[in-house]
Amino acid sequence: MTKSLDRSLTRENDPDGRHAPEITYDEQFYPARPKRFRPSARRSLRRRLADRRSDGDAVADNREYVEWLVEASMLADANRLASQLSGQGSMWQNPYAHPDPRAALERASVWFTAYPLSFVTRVGETFLSALSDPALWQAFRAIGIDGVHTGPVKQAGGLNGRRLTPSIDGHFDRISMEVDPAFGTEDDFRRLCATASEFDGTVIDDIVPGHTGKGADFRLAEMAYGDYPGIYHMVSIRPDDWHLLPDVKDGRDSANLDGSTEARLERAGYIIGQLQRVIFYEPGVKETNWSVTRPVMGVDGVERRWVYLHYFKEGQPSINWLDPSFAGMRLVIGDALHALADLGSGGLRLDANGFLGVEKTAEDAPAWSEGHPLSEAANHLIASMIRKMGGFSFQELNLAMDDIKAMGETGADLSYDFVTRPGYHHALVTGDTEFLRLTMNLAREMGIDPASLVHAMQNHDELTHELVHFSTRHRDDPFTYRGETLTGCELGERVRADLNNNLTGPGKAYNRRFTQNGIACTTSTVICATLGIEDLSEIAEAERDRIRDVHLLLAMFNALQPGVFALSGWDLSGMLTVDAADVADLIAEGDTRWINRGAHDLRGVDEPAREGRMPPARSLYGTLPDQLADPDSFASRLRRIIDVRREYEIATAVQVDIPDVSHRSELVMVHRLADDALQITVLNFSGEQVSGSVRSEQLPAGATVIDMFTGEEVATVDDLHSFPAVLEGYQGTSLLVRR
């Protein structure tokens, strides 16, 4: 936020006092603070795991094997990095106490979100070196993209003895700070950061505060070595209670507990039992959030079986943030230090950071596992360290708005927009913006600043519509919707049914449901289903142009409001879903998200690499060079939207109204700009022409309304604080209102 905008937030135009103080502590005492200083450290250079294998059994009484695991562990790396930064004056040069979303926006407000397995590279070219291609960054600059989120690129999966096992969750089951050789090297990453800097861009990396994979750290924990068991929420079961535990099948290292076993172990005082929900629930695969190991010999000669917590998949053991050793905390903070001080990232995504605290509750009630104060405290520590290192952070927190608000007050600078994402998809498929307006106004009433949100289009995940705010904490609260009073639970179910029924099923088999979370699809196939297109292979030029126009409407919704605007290669290329037969092995156990992760070519690669990459899907829009040469292409028209966003500094504006509308398919967003003028985004989520009026008490009578894209005066605000507006089907516009 600029100082002029900060100081314009007086009680007169901020009566609810929801925004930051008139002047921040940092501005008052450091008004001319220089660019954030970044301390430096270097992780000790070590050979890859595959190069350090030696003879000897992979057992606890083999000292060489245990030392090999220690050297490969993330906790050991964290300790090395911390020792280089402790006691250094450079660690005290940046403010860190409070989240600063507008400072993050000033560094990078339009992001490209990459997914390594789907980014097309040349034969012999790594993902990271391809992402640092100057020609790609020239295209990004032309469009207006100034930040790149790399996606997960570190070593992931697990260890079976000395053998690396593959990732079971798209490289979000981290086991090392080393870059996975499949994606490049640490030097490739540093070159990417240097290239980004040349184009005034920022690179955003990932850390996972909630869990790891089953790598060296977990294997050492199983062996009860040093502080390593303290990394995880794991409990050793006494041998005389092993009869309570399920057997582990041959070829596996653990087994998921069923509900009755979970309850027995809770009654026996081992675990806190059932949690508030089971993410990725699948009968016979994951019925609870707990699994048990096979018998493992410890370094002390004692054989143990451990029951461990995992919010997500069995191969993602949860980190314990309140163990006396604080080993988990040290591991996570060390990971952040490596990304910022060693590799050169400017920001970090915090994955699974809403599940860092669990606590036993009353008898027969689920354990407290969401919105726990420990999660808030841990996130404050993580985000403060990142700011102290000169970086910024964002969180992907799919919880109730209360939790997003609470954790955003002290934690990450930015939060992924789970507030409006289900709402704007619902508006599209129903042609009715009522639920979207309801959620946006709820967020405003709760004091969630849209400038603190990452308004994203498709990413690597499914179209998430868990609607946690309505289905959990506010399940019994009354909401008025379409003339009825519904409970939060009923409202969530109705919206979920609308999305499922309109986007999946007969004639829309190219989209698939993903467990209970949402729908595996791309933005383009959401639009295809909305437009009634049944056969993707029959999409001709006319249908493609209509899909492009709707796609641009959704881009305008995300770009023409305060906050980060993020989009992926799937959006830039107009990708369709992958044929399910091409990823049959990946979706065999129910993870249908692989159909929305098709390989996409942004650059026009002559000889694309195929090995270890996702199969390609159909692109409707083509490469960026081709699109930028065509003024009517998706990328060229997107560029004009981002130009308006940047010219008028909409990213750092203040949202002042989401008014009622004269037509159910219309959405109006009113924002106050830094110079006190108003910017209005008006969108039509239907295929029919909308003719009506835009009305808001914020609009001053007699003010002039100017089209920001053409510079033409289009209306004058009348005494009822309104002006007429006509929008064609799936059209949007951005308007400037000046006294």
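The figures that follow rest on heavy atoms only: side chains count, while hydrogens, waters and symmetry mates do not. Here the structure is a predicted model, which means the values were calculated and not measured.
Here the shortest heavy-atom pairing between N398 and V468 reads O-CG2, 3.5 Å. Annotation for L735 and M708: closest pair O-CE, 3.9 Å, computed over non-hydrogen atoms. In this structure, T522 and T525 approach most closely via the heavy-atom pair N-OG1, 2.9 Å. L105 and A651 make their closest contact through CD1-O, 3.2 Å (heavy atoms, listed as atom of the first residue, atom of the second, distance). A701 and D719 get closest at one heavy-atom pair: CB-OD1, 3.7 Å. When all heavy atoms of T485 and T480 are compared, the closest pair comes out as OG1-OG1, 4.4 Å.
Using modelled atom types and a 3.5 Å distance limit, the side chains of N459 and Y416 yield a donor-acceptor pair. Counted by atom type alone, N500 and T504 present zero donor-acceptor pairs between their side chains at under 3.5 Å.
For the pair H455 (side chain) and P450 (backbone), a donor-acceptor distance under 3.5 Å is present. Looking at Y481, its side chain never comes within 3.5 Å of a backbone N or O of L438 through a donor-acceptor pair. Put simply, the side chain of N684 gets close to the backbone of E728: a donor and an acceptor are under 3.5 Å apart. Side chain of D169 to backbone of F172: no donor-acceptor contact under 3.5 angstrom is found. Although no hydrogens or angles enter the test, the distance criterion places a donor-acceptor pair under 3.5 Å between the side chain of R548 and the main chain of D632. A side-chain donor-acceptor contact under 3.5 Å links N379 to the backbone of N353. A donor-acceptor contact shorter than 3.5 Å links the side chain of H600 to the backbone of G598. D146 places a side-chain N or O within donor-acceptor distance of the main-chain N or O of S109, the cut-off being under 3.5 Å. When atom types are taken as modelled, the side chain of T433 and the backbone of L436 share no donor-acceptor pair closer than 3.5 angstrom. In this structure a side-chain-to-backbone donor-acceptor pair under 3.5 Å is missing from E376 to M407.
The residues D449 and K405 are annotated as not salt-bridged, no charged nitrogen and carboxylate oxygen being separated by less than 4.0 angstrom. The pair D549-R637 meets the salt-bridge criterion, with a side-chain N (NZ, NE, NH1 or NH2) lying under 4.0 Å from an Asp/Glu carboxylate O. Between E282 and K313, no side-chain nitrogen of the basic residue sits less than 4.0 Å from a carboxylate oxygen of the acidic one, so the salt-bridge criterion is not met. One finds a salt bridge joining D676 and R672 here, because a Lys/Arg side-chain nitrogen approaches an Asp/Glu carboxylate oxygen to under 4.0 Å. A salt bridge links E697 to R695: one of the charged nitrogens lies within less than 4.0 Å of a carboxylate oxygen. We find that D413 and R102 are not joined by a salt bridge, their nearest charged nitrogen and carboxylate oxygen being 4.0 Å or further apart.
In this structure, L620 CG and I527 CD1 are separated by 9.0 Å, a value rounded to the nearest 0.5 Å. Between T464 atom OG1 and H425 atom NE2 the span is 9.5 Å, to the nearest 0.5 Å. Here CZ of R473 is found 4.5 Å from CG of D403. Values are rounded to the nearest 0.5 Å.
The aromatic rings of F435 and H426 sit perpendicular to each other, their planes meeting at more than 60°, with 30° as the lower class boundary.
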Next on the checklist: salt bridge (Lys or Arg N to Asp or Glu O under 4.0 Å) for R349 and E396? Distances and angles first, verdict last.
Outcome noted: CA-CA 8 Å; R349 171 182 180 263; E396 194 160 336; 2.4 Å; yes

Item to check | Intermediate values then yes/no, salt bridge (Lys or Arg N to Asp or Glu O under 4.0 Å), E370 and R277 | outcome: CA-CA 9 Å; E370 298 186 11; R277 58 177 170 149; 2.4 Å; yes

Checklist entry - Between R475 and E493, does a salt bridge (Lys or Arg N to Asp or Glu O under 4.0 Å) hold up when you go through it step by step? => result CA-CA 10 Å; R475 63 178 291 111; E493 286 301 319; over 6 Å; no

Item to check | Check against ring pair (Phe, Tyr, Trp, His ring centres under 6.0 Å), F418 and H465 | outcome: CA-CA 9 Å; F418 284 112; H465 58 233; over 10 Å; no

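Aromatic ring centres of H211 and Y311: separated by at least 6.0 Å. Annotation: F634 is in aromatic contact with H551 [ring centroid separation under 6.0 Å]. Outside the 6.0 Å centre-distance limit, the rings of F685 and H663 are not counted as a close aromatic pair. Taking the six-membered ring where the residue is Trp, the centroids of W594 and F514 are separated by 6.0 Å or more.
Each of F557, F565, W570 was compared with M457 under the side-chain contact (heavy atoms from CB on, under 4.5 Å) criterion, and only F565 meets it. A side-chain contact (heavy atoms from CB on, under 4.5 Å) with L667 is found for one member of L683, L553, V661, V682 and no other, namely L683.
Crowding of N501 atom CG: a count of heavy atoms from other residues, nucleotides or ligands under 6.0 Å exceeding 12. Summarising the local packing, CD of Q689 is surrounded by more than 12 heavy atoms from other residues, nucleotides or ligands at distances under 6.0 Å.
Every residue meeting the side chain to side chain contact (heavy atoms under 4.5 Å, CB included) condition with S471, not counting sequence neighbours, appears here in chain and number order: L467, R496.
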